[in-house]
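Please read the structure below before turning to the comments.
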Amino acid sequence: MTHKVTLLPGDGIGPEIAESVLKVIDSAGVNIEWDRQDAGIVSLEKTGETVPKALLDSIRKNKIALKGPITTPVGKGFKSVNVTLRQKLDLYANLRPVRSIGGIPSRYQKVNLVIVRENTEDLYTGIEKEISPGVTQAIKVVTKKASCRIAEFAFKYAQKHNRKKITLVHKANIMKISDGMFLNSFREIAEKYPDIIADDMIVDALCMNLVLDPCKFDVLLLGNLFGDIVSDLAAGLVGGLGVVPGANIGDNYAVYEAVHGTAPDIAGNNIANPTALIFSALLMLRRLGENEAADRIWKSVVVTLAIGAHLTGDMGGGDSTTEFTDELIREIKSRG
Ligand code: NAI
């Protein structure tokens, strides 16, 4: 069968790693008809829009997309394409599985946790202004509806993936009303899932405990801002942003993406590491029901990294993106 998937290569290293992923998926025998779309700077130059209608139409039609990183100007310029996509398509759940991988140098060897982050509100609604010269204000929005919805998502995810415990992360001791609502909504939903342990932790304590012993956590559920920060911290526990996948999921659509940025310092040099986008594509393949291919690619990546003879520079090797990809494809085909 042929799947139809929207492909958003992004900019910077995006097109290079996207090309690698396409070759890898193809080598595992999965047929995908890719609908290539642009966003951000690339589409701004072509269409005057950073999130063009054609892109949204394509995702709405295919219901599934793979996305490379996209530049967001800091402190000025256009609103983050990632944030816009999440809001326009109501991709309310951000999922980031964080697992130790043999061959990737890191401080911990047995991390296996999943971060679920609420994607649509909190301080990321973009409601901020300068009230008077030198005085600014940003508004944190937390609704009961979104808090219950993300809690339901986390419990259903835990049930489906045989996870035993969800830890809700908050700062309700200080933000008693907003984070208080997030926490209380979680507790309400938890009552429907008595088989899953539901506990909670204040975000600062969580950060310390994660660094001391990440292996004791299972699923972490966070609001948008804390989720953004803690998910990068967690990636650092298993080797960094180059090896963790990400997905933005709603009731109707799912966008799978690498969580690192466009790496402008190395873009265009064919040295970027495609592993994170490959792992994100594996989550996508599983949603498409291509579990055998996903398993085969996963094993091939793990073996290639463990052998360590063909790694990109960020992983301590000297191979180009193309050489690493070719080696991976050789491994995938040898398991076919
Ligand atoms: P970055 O993740 O692009 O780069 C940080 C460091 O990691 C750089 O030294 C870079 O070379 C390295 N790096 C990142 N990905 C790599 C890969 N796959 N292989 C090898 N090395 C890699 O973060 P930075 O510099 O803060 O952001 C650059 C741009 O990316 C900004 O415009 C930012 O807004 C955007 N960005 C986009 C994201 C997305 O689309 N999901 C996520 C994060 C940042």
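Numbering of ligands and ligand atoms starts at 1, following listing order. Only a predicted model underlies this, so the values are computations on that prediction, with no experimental measurement involved.
- Cation-pi check for K145 over F182 is not met; the charged atom does not lie both under 6.0 angstrom from the ring centroid and within 45 degrees of its normal.
- In this structure, the side-chain contact (heavy atoms from CB on, under 4.5 Å) partners of M181, at least two apart in sequence or on a different chain, are K144, S185.
- Of the candidates G261, G14, G240, the one placing a heavy atom closest to atom 1 (P) of ligand 1 is G261.
- Ligand 1 has no atom lying under 4.0 Å from any heavy atom of I17.
- There is no side-chain donor-acceptor pair under 3.5 Å between Y124 and N119.
- Contact annotation: I271 has no heavy atom less than 4.0 Å from any atom of ligand 1.
- Distances below 4.0 Å separate heavy atoms of P264 from the following atoms of ligand 1: 28 (C).
- Every N/O-N/O distance between G68 and ligand 1 stays at or above 3.5 Å.
- Contacts of E33 classified as side-chain contact (heavy atoms from CB on, under 4.5 Å), with partners at least two apart in sequence or in another chain: T2, K4.
- Note: an N/O pair closer than 3.5 Å links I70 and ligand 1 by distance alone.
- The shortest heavy-atom distance from A272 to ligand 1 is under 4.0 Å.
- Interface of I13 with ligand 1, defined as ligand atoms under 4.0 Å from a residue heavy atom, comprises 15 (N), 16 (C), 17 (C), 18 (N).
- Within a 6.0 Å sphere centred on CZ of R286, other residues, nucleotides and ligands contribute more than 12 heavy atoms.
- The proximity of T275 to ligand 1, defined as any non-hydrogen pair under 4.0 Å, does not occur for either the backbone or the side chain.
- In the vicinity of T71, heavy-atom distances shorter than 4.0 Å reach the ligand 1 atoms 32 (O).
- For ligand 1, the atoms lying closer than 4.0 Å to a non-hydrogen atom of N273 are 17 (C), 18 (N), 19 (N), 20 (C).
- Figure legend: R149 and Y92 shown as a cation-pi pair, the cationic atom lying under 6.0 angstrom from the six-membered ring centre and within 45 degrees of its axis.
- Selection from I266, D265, D11 by nearest heavy atom to atom 9 (O) of ligand 1 gives D265.
- Contacts with ligand 1 closer than 4.0 Å are made by side-chain heavy atoms of D314 only, the backbone lying farther away.
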